[in-house]
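I have placed the structure first, in the form of structure tokens, so that the comments after it can refer back to it.
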Amino acid sequence: MNAVERIAEKTHAATEIRSFQIEIPEEQIDDLRRRIAATRWPTKELVEDRSQGVQLATLRELARYWTTEYDWRKCEARLNALPQFTTEIDGVEIHFIHVRSRHENALPLIMTHGWPGSVIELLETVGPLTDPTAHGGTPEDAFHLVLPSLPGYGFSGEPTELGWDASRTARAWAELMHRLGYTRYVAQGGDVGALVTDLMGRQAVEGLVGYHLNLLTAVLAIGDQLPKESEQERAAAEAVATFRQDGFGYFLEMATRPQTIGYALLDSPVALAAWLLDHDTDSYYKISRAFVDGEPVGNLTRDTIVDNITLYWLTGTAASAARSYWEDARALAAALASGQPPPAVSVPVGFTTFPGEIWAAPRSWVEAVYPDLAYFNEVDRGGHFAAWEEPELFSAEVRAAFSGDARIVKLS
């Protein structure tokens with residue numbers, strides 16, 4: 001083999017798409033249970049709400065369920081029943097689920113999770129999106145679905161160099177869709193996934209023809225410039241102010257000192273669970289209700305919640321996931337310091353506002369960021385983890401955003 005052939009072989013190996021199956025050794029699960037049993041618990045909080053953090057009763061019941069009733073193998077089997085793959089992109093091994101619809105004219109869709117979620121928060125949307133006729137839709141509503149794990153999250157590899165911010169992930173997703181043979185596709189994202197998806201649009205990555213969001217991430221950069229005249233706008237502005245004052249702790253810690261918090265998150269399963277639960281007020285109380293009252297809200301059940309926490313634990317990715325906030329905080333600071341506006345979006349954008357979101361963005365705010373907004377809707381239930389909590393409603397919104405009634409049109 002000559003030098004050119006060796007280079008070609010190495011390049012092919014790096015870009016190859018490989019089948020992937022999860023096989024967690026039993027001793028790792030045994031170790032998890034031992035660590036939970038050895039937890040040193042704090043005393044009960046001195047308030048009756050979550051203002052001091054995750055409540056002791058919630059976490060005690062979660063830990064009890066985790067060690068006595070929960071079965072990781074069910075989650076593992078469910079993931080392994082789906083087509084999973086890995087491929088190396090820009091030096092990082094990327095894990096993704098790829099489910100092709102049985103409908104030939106399905107629209108390719110890449111959908112990105114956020115923090116403290118994972119691909120687990122999107123699993124209940126696989127059926128409605130890829131097989132809509134079994135869920136009240138039509139063949140024209142079908143998608144070929146790609147669900148990647150963010151770099152440093154879940155079964156994706158950890159970046160080993162600086163610079164893996166959401167912008168770099170956006171370019172990686174475009175490369176992933178190219179490798180899968182999709183020349184025209186759409187995208188969707190919430191939380192960190194909304195940032196990645198929006199950057200795909202602002203970078204005008206090849207093949208992207210439209211996208212849908214359920215979080216207005218631009219609020220963190222230009223919130224002071226958004227209108228506050230109507231009652232709805234003032235309520236949204238108050239929600240943003242509350243988040244910055246009382247709900248920003250996890251965000252600030254990961255954006256400034258991800259390594260510090262990482263030591264606790266990789267050493268104690270209960271510390272990890274507390275950190276992942278302490279995200280936003282609406283989601284926290286819904287999750288707490290599933291454990292303390294045994295009354296889940298939508299699909300936020302005890303099993304799906306512990307599935308997600310266990311995935312972080314078994315993959316050891318809590319610290320690397322936290323570092324993504326550090327990267328994005330620096331990228332945002334640099335962008336703001338430059339004084340240059342972000343590139344305009346040249347593809348159609350759709351948006352759905354869920355009422356329990358950290359800030360439920362009014363239409364006027366979304367139009368301020370996307371003047372040519374193609375689709376907008378406000379629904380009556382669901383929060384920050386919309387796809388997780390209300391998968392049928394969420395899937396219906398994704399379908400509607402890419403229907404012929406919007407300017408985000410189906411591809412022929």
Side-chain angles (χ1 to χ4, degrees), residues 107 109 111-112 114 166-167 170 185-205 208-244 280 282 328 332 335-336 338-384 386-387 390 393-410:
L107 178 62
L109 165 65
M111 199 153 67
T112 310
S167 180
Y185 60 90
V186 293
Q188 199 288 327
D191 193 80
V192 175
L195 179 59
V196 172
T197 301
D198 185 55
L199 288 169
M200 292 175 73
R202 296 187 185 280
Q203 293 171 2
V205 297
L208 183 69
V209 296
Y211 58 99
H212 174 268
L213 306 172
N214 55 287
L215 178 68
L216 194 64
T217 58
V219 167
L220 293 176
I222 63 167
D224 294 341
Q225 304 169 36
L226 295 171
K228 301 173 184 61
E229 299 174 2
S230 71
E231 182 178 342
Q232 188 181 25
E233 290 167 347
R234 288 192 293 273
E238 184 177 345
V240 174
T242 299
F243 174 72
R244 289 186 180 280
D280 67 278
D282 178 75
D328 288 334
L332 175 61
L336 293 175
S338 73
Q340 299 296 316
V345 177
S346 60
V347 297
V349 176
F351 193 95
T352 301
T353 294
F354 290 84
E357 184 56 89
I358 302 173
W359 49 82
R363 182 173 190 136
S364 59
W365 282 20
V366 182
E367 288 180 331
V369 179
Y370 306 105
D372 297 323
L373 187 67
Y375 174 85
F376 179 83
N377 193 28
E378 296 179 15
V379 294
D380 62 357
R381 63 188 186 279
H384 183 74
E390 299 288 347
L393 176 59
F394 175 87
S395 299
E397 281 300 299
V398 173
R399 290 181 200 159
F402 297 109
S403 74
D405 294 332
R407 285 190 290 132
I408 306 180
V409 294
K410 297 291 283 186

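- Distance alone, capped at 3.5 Å, places no donor-acceptor pair between the Arg202 side chain and the Ala344 backbone.
- Although no hydrogens or angles enter the test, the distance criterion places a donor-acceptor pair under 3.5 Å between the side chain of Ser403 and the main chain of Ala400.
- Side chain of Arg363 to main chain of Glu378: no donor-acceptor pair is present (N/O by atom type, distance under 3.5 Å, no hydrogens or angles).
- Taking 4.5 Å as the limit, some side-chain heavy atom of Val366 sits within range of a side-chain heavy atom of Tyr370.
- Shown are Thr217, Ile222, Leu216; of these, the side chain to side chain contact (heavy atoms under 4.5 Å, CB included) with Val219 is made only by Leu216.
- Panel note: side chain Arg381, backbone Glu390; no donor-acceptor pair is recorded below 3.5 Å.
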Quiz prompt | side-chain contact (heavy atoms from CB on, under 4.5 Å) evaluation trace for Tyr211 with Thr197 | solution = CA-CA 7 Å; Tyr211 58 99; Thr197 301; 3.6 Å; yes
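- With no hydrogens or angles considered, a side-chain donor-acceptor pair links Gln203 and Ser167 at under 3.5 Å.
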Practice problem: Could you walk me through whether Gln188 and Asn214 pass side-chain contact (heavy atoms from CB on, under 4.5 Å), step by step? | Solution: CA-CA 8 Å; Gln188 199 288 327; Asn214 55 287; 2.7 Å; yes
Quiz prompt | Chi angles and distances behind the side-chain contact (heavy atoms from CB on, under 4.5 Å) call for Asp328, Leu195 | solution = CA-CA 9 Å; Asp328 288 334; Leu195 179 59; 3.9 Å; yes
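- Between Gly223 and Lys228, the shortest heavy-atom distance links the atoms O-NZ, 3.0 Å.
- For the residue pair Ser364 and Glu233, a side-chain donor N or O sits within less than 3.5 Å of a side-chain acceptor on the partner.
- Residues Tyr185 and Leu107 have side chains not in contact (no heavy-atom distance under 4.5 Å, counting atoms from C-beta outward).
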Please tabulate, one pair per line, all N/O donor-acceptor pairs under 3.5 Å involving side-chain atoms of residues 347-358, not counting sequence neighbours.
| residue | atom | partner | partner atom | Å |
| --- | --- | --- | --- | --- |
| Thr352 | OG1 | His212 | NE2 | 2.8 |
| Thr352 | OG1 | Glu397 | OE1 | 2.7 |
| Thr353 | OG1 | Ala361 | O | 2.6 |
| Glu357 | OE2 | His384 | ND1 | 2.5 |

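- Nearest heavy-atom pair across Ala170 and Val205 is O-CG1, 4.4 Å.
- Applying the ring pair (Phe, Tyr, Trp, His ring centres under 6.0 Å) test to pairs two or more places apart or on separate chains, those with a residue in residues 214-244 are Phe243-Phe248, Phe243-Trp359.
- Remark: Glu238 CD is loosely packed, at most 12 non-hydrogen atoms of other residues, nucleotides or ligands lying under 6.0 Å away.
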Exercise. In sequence, state the C-alpha distance, the side-chain angles, and the governing distance for Val369 and Val345, and then conclude on side-chain contact (heavy atoms from CB on, under 4.5 Å).
Key: CA-CA 10 Å; Val369 179; Val345 177; over 6 Å; no
